[in-house]
Structures are given as C-alpha cells and as structure tokens.
Amino acid sequence: MKVDGKHFNTIWIKSNDESVIQIIDQRWLPHRFVIEDLTTVEEAAIAIKDMHVRGAPLIGVTAAYGMYLAALSASDEPESNFMRKIDQAVDMLRSSRPTAVNLFWALDRQMEGLRDFDGGVEGKIRLLLDLAGEIAAEELESCRLIGEHGVGLIESISKAKSGETVNILTHCNAGWLACVDYGTATSPIYLAHDNGIKVHVWVDETRPRNQGARLTAWELGKHGVPHTIVADNVGGHLMQHDMVDMVITGSDRTVYTGDVANKIGTYLKALAAQDNNVPFYVALPSSTFDWENTDGVAQIPIEQRDESEVKNIIGLNEGEIRSVSLTPETSAAANYAFDVTPSRLVTALITERGICSADESGVLGLFPEKSDQVG
Ligand code: MRU
C-alpha cells in the first residue's frame, strides 16, 4: 500500500544488499515511520517477539527470512555445522510467539525445502532466500484474493442499503501492516472503497497494545477510508443501535473445524454480533489454518505477554514517544493476547480460494487436498 505516495510492503530485501532484510518497525506507528534493518536471525526473532513486526502472515514471512539470515551467518561453516546452526535458528524462531500458526507453517516449509536438497551450503542459502521470497509473494497474492472474494459481501450490503454507507467493525490490525500487503480483513474493505462503494470502519482500539487505534486507523487514513476509533467495549452498543452492518476480523490460527483464534476481545465481539444478527466474518489466508487440531478453545496455545503492556500505555507527548503508568504499581495484571471464537459464532470464512462455512466440510470443500492430512 502507499505511504505518502510511495508504495511499501511490510518486509523486503534491501536494494543492492541481499544480506539485509528491511521491515517497518511498527512499534513507532502512527507517530514515526521507522525502517529497521535485520541482519541476523537473533534480530529477526526479537523483531517477532517484541512486535516490531506482528500479525500472523507477517510473522511467518519474517521467520522465513530469519532462517535465511541464519544461513548467511553460517556460510563459512562446514555443512554439518551449518545444518546445526539452521536447527538452532528454527528453535529460536519457533519460541518467539506461540499462537499464530503461520510462524510454524513458514518454518516447516523452509525445512521441507532443505530436506534432501544437496546443493551445498551456498545452494542452501540461495534456496532459503528464494523460498522466503516465494512465501512472501504467496501471502501477498492470498491477501489480494481475499479482497476479490470478500468484496461481494460488502457490495451486497451496500445494494440492500441502496448505496448508503456500509458500516464495518474490525478488531486489532488485520491490515496490510499485519501481512505483506493488502491485509486480510481490510483487503475487501480497501477494494470496496476503491470500487466506489461507501464504507465506514469502526476501529476497535484493541487494548492493551492498541493495534486498532495505532495501526488500523493509520493505514485506513493513509488510504482515505473513512473510519472512527472506538474503545474496545463500544461494539455491542453500536450493534444494538444498527450502527454495524458487518464485522470482519483476521485470525492468528483457525482450526480446520472452524474455531478462530484472534486478538483478545474478538470473542466478545462475536457474541455481541450473534445477539444482534450482525454477520461476523473472518478473513484468513490458508497459511493460518491449523490442520492438526480440532478444538480451538482447548487446543490453541494462547500467548500470555508481559504485564507491563497492561499496566502502561505508550503515546506521544511533547514530540517524544513515552510510556506512562496507568495502574497502581503493586497491582498484578494478566495479559492474555488472544482468545478463541467458537465456529458457531462465525458466519463464514473468507479465504484466497473463496468463502466457506466455518466448519470441516466448508474448509475441506475449499482445500480438498488437505482431506488426507486431517482426522
Ligand atoms: O499480537 P498481534 O498484533 O500479532 O495480533 C494480530 C492479530 O490478532 C491479527 O488480527 C491477526 O494476526 C490477523 S492478521 C492479518
């Protein structure tokens, strides 16, 4: 997407220097647009863990490039040591964040590529770079296609409202900043807006890290999409007063039977949506499906982050980005980063292959090649 007239993806290889991967360091948005160089796997793992990059698809792509950086650092090693370093890199990256399954999917894909590949150390480095690029390109295309498939849902509501504004509520940031480009939840919204459909987005602030207020609002604003930031607890009230036509969120992991893990607070929005007959859609690329587990609530690992994210808030004050304390210093705080929305509350899933019901038959109908792998 464009930032002040210039096109950006969220991650790319530095021009004229293939040993550097560049990212937008999202910790400083919306106040500063900072580009960070990643040159080692340690830096890539920190970027994921400390959320310089975040969002399920982007976490996966960053991990894939992290493996390439690990390989580059080990380029002088004999092949057996080289492979040991690669294994260590995978372990480091795997432990960076537990919920978004895209991380594990991307690492497995890189390791799969290396298996039985006998191109020597140089060849393996090139392979990891090429595969990371392939993964990034696929994620980008999947997000573009999610827009193509999802835009009809917005269009139908617009028609039913005789062209009046379609009000869409979203939670967290499932925008282009969370992916390589386009976003998942935002992709149909951007396309609808570009096609001249009147849309307005209710942006949940998304405590404690405020991905909605900081990132979704920033991206929608840069693209000229009308939006309003609301505190996290406002959605139910808006729905009771017919001020929300649909909800679209992203996902960090969706089991193939339809339960959806997404940013903490998503479940409550889905409950409110059901109570008010508001359709609740989840947009995700296939890299976000978990093909092993079947019970999202029981089986999806939910990240717990440091209590300091709940007890403090970061913002701009007199030109400086500062953290200020919100709570009694001695109170304990719990910081669950995700929750699981049971499939029964999800109207449909929007994927790169089309729209399906949030259940096994719907998902396997779109991804029949997975039928042998599951159950
Ligand atoms: O903790 P985050 O910011 O990585 O969480 C991100 C989300 O929950 C997004 O909604 C999800 O990854 C979908 S991204 C297209």
Side-chain angles (χ1 to χ4, degrees), residues 1 9-11 23-27 29 47-63 96-106 139-140 142-147 150 169-190 201 203-216 218-219 232 247-254 260-270 280-290 296 300-306 309-310 314 335-341 346 349-352:
M1 303 294 279
N9 287 346
T10 50
I11 187 165
I23 56 166
I24 300 168
D25 184 346
Q26 301 184 21
R27 291 173 303 166
L29 287 170
I48 296 171
K49 197 177 177 58
D50 293 347
M51 296 175 66
H52 310 196
V53 290
R54 26 72 46 209
L58 181 56
I59 289 171
V61 174
T62 307
S96 57
R97 292 193 76 188
T99 303
V101 77
N102 306 56
L103 172 78
F104 309 98
W105 167 84
E139 292 295 62
L140 183 148
S142 289
C143 286
R144 192 187 70 73
L145 288 167
I146 285 169
L169 184 135
T170 192
H171 191 67
C172 194
N173 172 260
W176 72 270
L177 288 170
C179 305
V180 179
D181 203 352
Y182 299 102
T184 55
T186 56
S187 188
I189 298 174
Y190 285 130
V201 184
V203 178
D204 282 351
E205 61 175 347
T206 320
R207 283 281 294 146
R209 288 189 66 107
N210 298 307
Q211 290 95 328
R214 295 191 305 108
L215 306 176
T216 305
W218 180 80
E219 8 171 314
D232 281 328
V247 178
I248 314 181
T249 74
S251 172
D252 293 87
R253 185 189 291 235
T254 293
V260 171
N262 192 48
K263 180 54 54 191
I264 193 78
T266 303
Y267 171 45
L268 295 180
K269 293 300 140 63
F280 185 96
Y281 294 101
V282 175
L284 71 162
S286 51
S287 53
T288 301
F289 280 113
D290 176 333
I300 295 179
I302 299 296
E303 178 180 19
Q304 289 187 56
R305 296 184 61 85
D306 197 90
E309 294 180 349
V310 175
I314 296 171
N335 189 2
Y336 293 92
F338 300 95
D339 60 23
V340 174
T341 299
V346 179
L349 304 173
I350 311 169
T351 78
E352 73 269 28

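What you see is a predicted model; the values in this text were computed from it and never measured. Numbering of ligands and ligand atoms starts at 1, following listing order.
- Judged by distance alone, with hydrogens and angles left aside, the side-chain atoms of T288 form no donor-acceptor pair with the main-chain N or O of A100 at under 3.5 Å.
- When heavy-atom distances to ligand 1 are checked against 4.0 Å, the residues falling inside are M51, R54, G55, A56, P57, R97, C172, N173, A174, A178, C179, T184, Q211, G250, S251, D252, N262, K263, F338, ordered by chain and number.
- Judged as a ring-ring contact (aromatic ring centres under 6.0 Å, His included), and not counting sequence neighbours, the contacts of F289 are W291, F367.
- The backbone N or O of V61 sits nowhere less than 3.5 Å from a side-chain atom of E139 that would complete a donor-acceptor pair.
- Looking at D181, its side chain does come within 3.5 Å of a backbone N or O of M1 through a donor-acceptor pair.
- Between N102 and the options S251, S286, S287, a side-chain hydrogen bond (donor to acceptor under 3.5 Å, both in side chains) holds for only S287.
- Salt-bridge check for E205 with R207: failed, with every basic side-chain N at 4.0 Å or more from each acidic carboxylate O.
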